[in-house]
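In what follows, a structure is listed as structure tokens, so that the remarks can point back to it.
Atoms considered below: every heavy atom in the structure, side chains included; atoms not considered: hydrogens, waters and symmetry mates.
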Amino acid sequence: MMWENWTIVSEFVLVSFSSLSTELQALLFLLFLTIYLVTLMGNVLIILVTIADSALQSPMYFFLRNLSFLEIGFNLVIVPKMLGTLIIQDTTISFLGCATQMYFFFFFGAAECCLLATMAYDRYVAICDPLHYPVIIGHRSCGQLAAASWFSGFPVATVQTTWIFSFPFCGPNRVNHFFCDSPPVIALVCADTSLFELEALTATVLFILFPFLLILGSYVRILSTIFRMPSAEGKHKAFSTCSSHLLVVSLFYSTAILMYFRPRSSASPESKKLLSLSYTVVTPMLNPIIYSLRNNEVKVALKRVIHRMLGSQKL
């Protein structure tokens, strides 16, 4: 009975980009639809190439394949609903739908943070301790590290989402965002959320800042090892194996840290939406492009797969 009295809100309204003109929203729809399709095709291509090509069976490409799966999931959670709000003004989302979207946003976000840290550890061992690399990063270790990265999303998603949606929502139901992120949803709660906000800050430190510091520490060691290498060719080869990952990490974490580690009053809702677009929409599209253009092995493998496909069609 208390639950029924508290949870008056049965659905939410995503404000999204409703303040913009209809023409501008149509242009944004075309832009985001293009980015969405490129993201799906690019990440699917990375998955297929790293499975099909025998030269891309190393742990680095196993982790890259997992990253592509995460990016696809991340996109499927956020973008289709956002496209609906832009083209058909479908701005309502049910209470359960909002909770589900938030759950999987937390899940994929936390898992990606941990997977990026795992990929940095892989590069650290490969460059700083190459003799022991096959032993430390074997097939079994790869599976365990990938599974741990995926599993890390469950506790944060379960605790955060369950806690938020156990609060009473008895006032406005307009979420000033293009998806159900925790800050704009928690702003609608009509109860004291200070304990939750403390827990949310702790979770943010554990699942965003801590992996970022691990990545930073790994790359400090990697760069110091590269600079000590005697040959220019060795330096170039070592740096080329981790430059793509370093660029992806920089794009993802720069916007995520700006979004979740700045004071609540220091940014307008519109600027927060732009920051969110960076890591939820743009970065998943750029990841396969970066790994394709900056990684010679992936480029060569792509050519081999395309030639193989064309050759089979001729036959």
Requested in this report: Take the angle between the ring planes of Phe151 and Phe154 and call it parallel below 30°, perpendicular above 60°, tilted in between.
Outcome: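 Tilted.
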
What's the separation between atom [atom1] in [X] and atom [atom2] in [Y], rounded to the nearest 0.5 Å?
| X | Y | atom1 | atom2 | result |
| --- | --- | --- | --- | --- |
| Leu24 | Leu28 | CG | CG | 5.0 Å |
| Leu56 | Arg304 | CG | CZ | 7.0 Å |
| Lys273 | Asp181 | NZ | CG | 12.0 Å |
| Tyr279 | Leu275 | OH | CG | 8.0 Å |

For a quick check under 3.5 Å, do [X] and [Y] share a side-chain donor-acceptor pair by atom type?
| X | Y | value |
| --- | --- | --- |
| Ser149 | Thr118 | yes |
| Tyr61 | Asp53 | no |
| Thr158 | Tyr103 | yes |
| Asn176 | Lys272 | no |

Query raised in the report: His245 pairs by ring pair (Phe, Tyr, Trp, His ring centres under 6.0 Å) with which of Phe252, Tyr219, Tyr121?
Result: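 Considering Phe252, Tyr219, Tyr121, a ring pair (Phe, Tyr, Trp, His ring centres under 6.0 Å) with His245 is found only for Tyr219.
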
Keeping [X] on the side-chain end and [Y] on the backbone end, is there a donor-acceptor pair under 3.5 Å?
| X | Y | value |
| --- | --- | --- |
| Asn43 | Pro284 | yes |
| Ser94 | Gly97 | yes |
| Tyr253 | Cys113 | yes |
| Ser141 | Ile136 | yes |
| Thr162 | Val159 | no |
| Gln101 | Cys180 | yes |
| Gln25 | Ile87 | no |
| Arg174 | Val13 | no |

Work out which heavy atom in [X] is nearest to a heavy atom in [Y]; give both atom names and the distance.
| X | Y | result |
| --- | --- | --- |
| Ser16 | Phe178 | OG-CB, 3.6 Å |
| Phe106 | Val156 | O-CG1, 4.1 Å |
| Arg65 | Thr50 | NH1-O, 3.1 Å |
| Ala146 | Phe63 | N-CE2, 4.2 Å |
| Trp150 | Phe107 | O-CE1, 3.2 Å |

May I ask you to test the [X]-[Y] pair for a side-chain heavy-atom distance under 4.5 Å?
| X | Y | answer |
| --- | --- | --- |
| Glu112 | Asn66 | no |
| Leu223 | Phe227 | yes |
| Leu251 | Ile290 | yes |

Report task. Flag the pair Lys81 and Asp90 as a salt bridge only when some basic side-chain nitrogen lies within less than 4.0 angstrom of an acidic carboxylate oxygen. Result ->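 Salt bridge: yes.
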
Query raised in the report: When you look at Asp122 and Tyr133, which way does the side chain to side chain donor-acceptor pair (under 3.5 Å) test go after all the steps?
Result: CA-CA 8 Å; Asp122 170 68; Tyr133 180 73; 2.5 Å; yes

